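Quick notes on the structure that follows.
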Amino acid sequence: MSKILVTGGTGFIGSHTCVELLSNGYEIVIVDNLSNSKEATVDRIEKITGKKVTFYNVDICDYDALSGVFRENDIEAVIHFAGLKAVGESVRKPLEYYTNNIYGTLILLRVMRENDCKKIVFSSSATVYGMNNKAPYTEDMPTSATNPYGYTKVMIEQILKDMCTADSDFSVVALRYFNPIGAHSSGLLGEDPNGIPNNLVPYIAQVASGKLKQLSVFGDDYDTSDGTGVRDYIHVMDLAEGHVCAIAYASEHKGFEPVNLGTGKGSSVLEVVSAYEKACGKPIPKKITERRAGDIATCYADATKAKEVFGWEAKSDILQMCVDSWNFTKLNPDGIQ
Ligand code: NAD
Ligand code: UFG
């Protein structure tokens with residue numbers, strides 16, 4: 001039976017998507033170099049689904065190893081999560097980001113071509129809307145970037161578009177995620193960042209668990225309802241379901257299709273803090289600090305296209321996302337071991 005190759009499948013979004021794929025009857029093969037995840041995640045995916053997963057500890061930049069994976073498995077389509085994703089780190093280490101994300105994708109596309117595999121779902125990001133568009137973002141807006149991480153997403157989208165121009169049988173869905181948070185309801189999978197978290201909800205989770213003292217709220221003088229930044233938070237399981245829709249869509253349509261995965265609704269930092277307090281039943285100590293460089297006031301999706309083309313829409317609200325994040329945090333004080 002043909003299989004779906006999931007690059008970066010032991011990572012945060014990849015692991016939840018693997019669960020959703022297996023639950024929908026797909027067979028999967030995971031390739032991950034474990035640079036930002038643990039092999040124990042594979043056992044957890046198997047535990048939740050009761051299904052077997054083929055895992056390769058392989059770097060997508062390694063042409064020979066990746067070719068071997070395609071030789072050993074009949075790969076029908078790829079979901080491509082593998083990549084480095086920390087915006088600040090990408091400014092300090094541009095070469096590492098361009099090499100890992102872009103060179104890695106080029107190797108993957110070359111191996112796909114050599115094996116006549118012509119369907120790919122790519123993890124893009126709302127970051128491609130840059131600083132010059134105004135929310136709600138629609139897929140036809142011009143893309144741009146402000147940091148190397150963002151440029152890797154803009155450039156990979158362009159490369160994929162060019163692949164579709166060169167080969168009319170090629171099929172690409174570029175999923176532009178907004179802010180994925182939450183965890184699997186079992187508490188077996190969730191977000192497990194290395195070191196001090198950069199992102200809001202993982203940071204709040206560590207304040208709630210007592211690992212960190214207080215949250216810094218980066219600015220309360222934005223032009224938003226309460227002055228704090230507004231983002232479109234989306235439950236990672238809703239996102240995972242969106243990938244199953246994208247794979248089905250890619251098997252029936254050719255060409256390049258960018259699709260937003262968001263709820264279409266923004267929440268402020270203070271609204272998220274208040275939902276998390278409700279979820280964990282205790283106050284989250286916080287202080288207002290300076291704005292973080294590079295942040296924008298408001299970012300949320302126009303989620304119409306996903307509904308039209310996939311029949312998909314996000315179901316969970318912000319409280320559910322915080323409840324599931326807290327459940328994972330409580331059950332895994334030292335992350336996934
Ligand atoms: P993650 O770091 O948890 O997962 C990425 C996985 O890719 C990790 O398991 C890592 O070990 C693996 N990986 C990295 N480089 C690799 C390589 N060269 N070869 C093999 N494996 C490699 O991140 P995530 O949050 O699950 O994000 C998945 C994708 O979604 C990324 O491409 C990211 O840029 C994109 N994205 C994430 C967010 C977010 O807020 N989490 C938002 C928009 C887009
Ligand atoms: N924030 C705080 N304190 C913190 C962390 C964040 O106040 O400790 C605020 C930010 O200023 C922002 C909001 O919380 O207003 C969300 O910040 P995140 O860092 O969680 O998320 P971003 O929207 O900044 O960035 C995320 C991903 C990027 C991606 C971008 C667009 O981390 O990779 O969404 O999709 F590019």
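Every value quoted in this text rests on a predicted model; they were computed, and no experiment measured them. For ligands, and for the atoms within them, numbers begin at 1 and follow the listed sequence.
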Out of Ile107, Asn33, Leu108, who gets a non-hydrogen atom closest to atom 20 (C) of ligand 1?
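Looking at heavy atoms only, Asn33 sits closest to atom 20 (C) of ligand 1.
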
Proximal candidate to atom 44 (C) of ligand 1 [heavy atom criterion; set Gly83, Ser124, Ser123]:
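When every heavy atom of Gly83, Ser124, Ser123 is considered, Ser124 comes closest to atom 44 (C) of ligand 1.
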
Main-chain N/O of [Y] paired to [X] side chain as donor or acceptor, under 3.5 Å:
| X | Y | answer |
| --- | --- | --- |
| Glu271 | Ser268 | yes |
| Asn100 | Glu96 | no |
| Tyr233 | Val201 | no |
| Asn327 | Val323 | no |
| Asn332 | Asp334 | no |
| Lys51 | Leu22 | yes |
| Asn73 | Val69 | yes |
| Asn260 | Gly262 | no |

Taking only heavy atoms of [X] into account, list the atoms of ligand 2 that are under 4.0 Å away from them.
| X | result |
| --- | --- |
| Ser125 | 29 (C), 31 (C), 35 (O), 36 (F) |
| Tyr177 | 35 (O) |
| Val217 | 7 (O) |
| Thr127 | 31 (C), 35 (O), 36 (F) |
| Phe178 | 35 (O) |
| Asn198 | 5 (C), 19 (O) |

Among all protein non-hydrogen atoms, which one is nearest to [atom], and what is the separation to 0.1 Å?
| atom | result |
| --- | --- |
| atom 20 (O) of ligand 2 | Leu200 N, 2.9 Å |
| atom 13 (C) of ligand 2 | Tyr233 OH, 3.5 Å |
| atom 28 (C) of ligand 1 | Phe81 O, 3.7 Å |
| atom 1 (N) of ligand 2 | Phe218 CD1, 3.6 Å |
| atom 25 (O) of ligand 1 | Lys85 NZ, 2.8 Å |
| atom 21 (O) of ligand 2 | Asn179 ND2, 3.1 Å |
| atom 28 (C) of ligand 2 | Val87 CG2, 4.2 Å |
| atom 17 (O) of ligand 2 | Arg292 NH2, 3.4 Å |
| atom 27 (C) of ligand 2 | Asn199 ND2, 4.0 Å |
| atom 33 (C) of ligand 1 | Tyr149 OH, 3.7 Å |
| atom 10 (C) of ligand 2 | Asp295 OD2, 3.4 Å |

Ligand 1 contact by [X], heavy-atom criterion under 4.0 angstrom:
| X | answer |
| --- | --- |
| Arg176 | no |
| Asn100 | yes |
| Asp32 | yes |
| Pro180 | yes |

Heteroatom distance test ([X], ligand 1): nitrogen or oxygen, under 3.5 angstrom:
| X | value |
| --- | --- |
| Glu191 | no |
| Phe12 | yes |
| Leu84 | no |
| Ile13 | yes |

Could you tell me which atoms of ligand 1, counted from 1 in the order shown, lie closer than 4.0 angstrom to a heavy atom of [X]?
| X | result |
| --- | --- |
| Ser35 | 10 (C), 11 (O), 13 (N), 14 (C), 15 (N) |
| Ile60 | 17 (C), 18 (N), 19 (N), 20 (C) |
| Leu34 | 11 (O) |
| Ser37 | 8 (C), 9 (O), 11 (O) |

Only pairs under 3.5 Å count here: list side-chain donor-acceptor contacts from residues 206-219, not counting sequence neighbours, and write none if there are none.
unit_1	atom_1	unit_2	atom_2	d
Ser209	OG	Ala205	O	3.4
Ser209	OG	Gln206	O	3.3
Lys211	NZ	Pro333	O	2.8

So Tyr151 and Tyr98, do their side chains get closer than 4.5 Å, heavy atoms only?
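SC-SC contact between Tyr98 and Tyr151 confirmed.
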
Pi-cation contact, [Y] with [X] (under 6.0 Å, within 45°):
| X | Y | answer |
| --- | --- | --- |
| Arg231 | Phe178 | no |
| Arg176 | Tyr137 | no |
| Lys161 | Phe256 | yes |

Would you give the length of the straight line joining atom CD1 of Ile156 to atom CG of Leu106, rounded to the nearest 0.5 angstrom?
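Going from the CD1 atom of Ile156 to the CG atom of Leu106 covers 8.0 Å.
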
Working for ring-ring contact (aromatic ring centres under 6.0 Å, His included), residues Tyr177 and His243:
CA-CA 11 Å; Tyr177 313 148; His243 288 76; 5.3 Å; yes

Side chain, backbone, both or neither: Val58 near ligand 1, heavy atoms under 4.0 Å
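For Val58, the contact with ligand 1 is made by the backbone alone.
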
If we count only N and O atoms by modelled type, under 3.5 Å, do the side chains of Glu89 and Tyr149 hold a donor and an acceptor together?
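Note: Glu89 and Tyr149 side chains miss the donor-acceptor criterion.
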
Stepwise side-chain contact (heavy atoms from CB on, under 4.5 Å) test for Leu270 and Lys286:
CA-CA 10 Å; Leu270 295 181; Lys286 59 180 184 300; 3.7 Å; yes

Does ligand 2 have a heavy atom under 4.0 Å from the side chain of Cys299, from its backbone, from both, or from neither?
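Neither; no heavy atom under 4.0 Å.
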
I need the single residue from Lys254, Lys118, Arg113 that forms a side-chain hydrogen bond (donor to acceptor under 3.5 Å, both in side chains) with Asp167. Which is it?
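Checked Lys254, Lys118, Arg113 against Asp167; only one passes side-chain hydrogen bond (donor to acceptor under 3.5 Å, both in side chains): Lys118.
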
